[in-house]
2 protein chains.
Amino acid sequence: MVRPDRKRPVTSVDVAAAAGVSQATVARCFTTPGVVAPDTRLKIEAAADRLGYVPNAIARSLKSQRTSIVGAVVPAVGEYWQNVVTYFSRRLTARGRQLLLFSFLDHAEVNETLEAVMQYRLDGLILASANIAEAQLARMRQTGLSLVAFNHPDAAGIVPSVTVDNEAGASELARHLAGLGCTRVLYLGGVAAASTDRARFRGAARTLASTGATCNYMEAGAFTYEAGYRAADTAANLDRLPDAIMVGSDEVAFGMLDGLRRRGLTAPADVLVTGFDGLPQASWAGYDLTTLVQPADQLAEHAVKLASGDGSDASDAPPPSVVVAGTLRRGLTTRRGDAGRARPGSYSRRSCGTEPSAGR
Amino acid sequence: MVRPDRKRPVTSVDVAAAAGVSQATVARCFTTPGVVAPDTRLKIEAAADRLGYVPNAIARSLKSQRTSIVGAVVPAVGEYWQNVVTYFSRRLTARGRQLLLFSFLDHAEVNETLEAVMQYRLDGLILASANIAEAQLARMRQTGLSLVAFNHPDAAGIVPSVTVDNEAGASELARHLAGLGCTRVLYLGGVAAASTDRARFRGAARTLASTGATCNYMEAGAFTYEAGYRAADTAANLDRLPDAIMVGSDEVAFGMLDGLRRRGLTAPADVLVTGFDGLPQASWAGYDLTTLVQPADQLAEHAVKLASGDGSDASDAPPPSVVVAGTLRRGLTTRRGDAGRARPGSYSRRSCGTEPSAGR
DNA sequence: CGATCCTATGTATACGTATTCATCGTTGCA
DNA sequence: TGCAACGATGAATACGTATACATAGGATCG
């Protein structure tokens, strides 16, 4: 490797000179290798190698008006989102795209940040934040970038959207509980304003009503462990404990389980508990939670595909909205037969290790 | 907002025409607002607003040779890394930088991916992967981007590096255990080849030796919950259970705790257990783990600062290597006084909610 | 009041690549 | 043999911005 003068980076022009061809041919060699003669290509590749040439994606993007970068705007907190981000990254890499990530704590940061994002002329943008200004959405679409709303059911119809089937999933959990004889169910949501939260409650309430069971709603206030932990106090203080507590998210459910234990209550002995999301930890022996597993990899794949703008952008067709079904995971927290035997602190064997978590 | 012809995006030239000034003045207005006359600026801003002008960061980057983008190459798995990524994102956003993220499952993907990364002329790159080819490292530094090795002690001296003080942290944990009268300690590492793993064991072994305690090493095989869960079997089958098990990472420790419980063993009653990292979950009531809390926000801040290349790049000075001290979190898993009272399934009050986790 | 300096702006160019158009040598076919 | 078609390449230009340089006008100072 020769020293490239240590200062000026080596460009396609340098390679061209070294290989005795024109810059245009060098460019073709890296974008459309098929159209350049085999021996010329070898000469160019040799020269490029020797000089340590690395194509400049910035210049390429400026000329071709495509960056191969997809952005993702995602909440900073929560195990669920951290999982999803990982899938985004992997899927995008597989497609030769890069991931520009924005974590936000407060929704207020989003609109501000979005302004900066737009400067980068991303090919696509995956939005996992609820309240984006409609006007801004419209303006963003005009620039030709492919927007995708992720896990935000309300956006379907306005913007291409990818989400798990929240209502059907909650319904399946409810059916599972009804099958175990539950008639008085408490639904613990995270934030009532979230559209996922509402959809899940709707599914649970509808199905339970059809079996004659009651389903009250309670709000934890956040999608966090701590919120679930605190909610356990409220639940334990009810006149009469419900048969089951359906929690709107796994993380909140973990808090609920720990909070209940502190009051001497355990699942499934005293009350059944279900979650939603299918986090890896749900299958950890310490919780072994019955939950609805989101097929995070499939969801990510769909989102990435839409955001990559591979589909013919007819742009007059109704925005595609993908809804994927989740799968029920039966954990110890609703194991009725074991209720008598189950003591706090004892865990069944099958709950860990041997059975690969579907959520991963 | 007038329609910008719906096809051609609006550029600084369009704004210049609309405002009756030159393109150069428009550019100055967005990069060095101080140097343009107040009334001119107002005219330009009005025109820009009216046309819906958004500066093109790609073109800016091409001209200025700076992208304001910092890359991060991070393992795809593990709660620890997911946390760290969030901090990176937040810190970078605060500095007006963008985060280009690469999650890798297999270390083999890294060198391959890195090739693609380099095309984007990032301002900086945070590396959390161990085995990058030295030659590649050298080539990358030549391009002028600021490399930072994160949580990779071995790299210190070769590349600017940011890491928690692994040895001192493990030493502190060991001192804590020694103070509780432990004389026979088992150290459960994740992957012996990892430099963090070795540093932690070194710190633990040295300190324990100085108190006359023994410290055997055992390898879980991975930094995962499952690995810890399996290791619990091995540990429980030892001729004699050690006084304490020092686990090299929180996630592995969670698996160990659950694995032990399955065998009817609990901490701290039968054996003390410590972790390392200070994940949020360590303070969840379900585990309440004694661990060494990494100041993830500080670490991220240092890494981001170095990667942003704000420091004068003398480039002949020895690469700065930042080592930050962690803090001990005393959890239930080493609470000796409670050993008699503690039953599996009962949790102390103070362990959750009221005490904000230092790791968050 | 003229020389000087400073401020605000315009002109021109460069950043590194992709791509269109033109060119030139070759092959295929009548 | 002549002409069309084709394949490979070079020359030239555009992508949208930042900035060095030039310039014009006003303020400052002697």
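Letters A, B, ... are given to chains in the order of the sequence lines, protein chains preceding strands, and every chain is numbered from 1.
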**Q** Would you mind building the protein contact string for nucleotides 5-11 of chain C? One character per nucleotide, 5' to 3', B for base within reach (heavy atoms under 4.0 Å), S for sugar-phosphate only, - for untouched.
**A** ---SBBB
**Q** Over how many whole Å does the gap from Gln65(B) atom CD to dT17(C) atom C1' extend?
**A** 13 Å
**Q** Who pairs with Ser161(B) by side chain to side chain contact (heavy atoms under 4.5 Å, CB included), at least two apart in sequence or on another chain?
**A** Ala149(B), Ala156(B), Thr163(B), Ser321(B)
**Q** Using a 4.5 Å cut-off on heavy atoms from C-beta on, say whether the side chain of Val77(B) contacts that of Trp81(B).
**A** no
**Q** Under the salt bridge (charged side-chain N to carboxylate O under 4.0 Å, His left out) rule, what do Arg90(A) and Glu301(A) come out as? Steps first, then yes or no, please.
**A** CA-CA 9 Å; Arg90(A) 302 236 296 273; Glu301(A) 171 66 6; over 6 Å; no
**Q** In whole Å, I'd like the distance from the CD1 atom of Ile58(B) to the P atom of dT17(C).
**A** 14 Å
**Q** Taking side chain to side chain donor-acceptor pair (under 3.5 Å) as the cut-off, I'd like each qualifying pair that reaches into residues 114-126 of chain A, sequence neighbours left out, listed once.
**A** Thr67(A)-Asp123(A), Glu115(A)-Gln136(A), Glu115(A)-Arg139(A), Gln119(A)-Arg60(B)
**Q** Tell me every residue that passes ring pair (Phe, Tyr, Trp, His ring centres under 6.0 Å) with Tyr80(A), counting only those two or more places apart in sequence or in another chain.
**A** none
**Q** Given that Leu62(B) and Arg60(A) both sit by DNA chain C, which one's nearest nucleotide is further toward the 5' end?
**A** Leu62(B)
**Q** In this structure, how many angstroms lie between the P atom of dG16(C) and the CZ atom of Arg121(B), rounded?
**A** 8 Å
**Q** Nearest-Å distance, CZ (Phe30(A)) to P (dT19(C))?
**A** 15 Å
**Q** In degrees, rounded to 10°, what is the bend between the two ends of the helix from dC1(C)-dG30(D) to dA30(C)-dT1(D), using five pairs at each?
**A** 40°
**Q** Considering just the side-chain nitrogens and oxygens of Ser12(A), establish if one lies under 4.0 Å of OP1 or OP2 belonging to dT17(C).
**A** yes
**Q** Nearest heavy atom decides the nucleotide; on that basis, is Tyr53(B) or Lys63(A) closer to the 5' end of DNA chain D?
**A** Lys63(A)
**Q** Output the rounded distance in Å from CG (Asn56(B)) to P (dA14(D)).
**A** 18 Å
**Q** So which pairs with a foot in residues 20-34 of chain B pass side chain to side chain donor-acceptor pair (under 3.5 Å), sequence neighbours left out?
**A** Ser12(B)-Gln23(B), Ser22(B)-Thr25(B)
**Q** Would you say Leu100(B) and Leu122(B) make side-chain contact, with heavy atoms under 4.5 Å?
**A** yes
**Q** Do Phe150(A) and Leu299(A) have side chains that approach each other closer than 4.5 Å (heavy atoms only, starting at C-beta)?
**A** yes
**Q** With heavy-atom distances below 4.5 Å as the criterion, would you say the side chains of Gln294(B) and Asn151(B) are in contact?
**A** yes
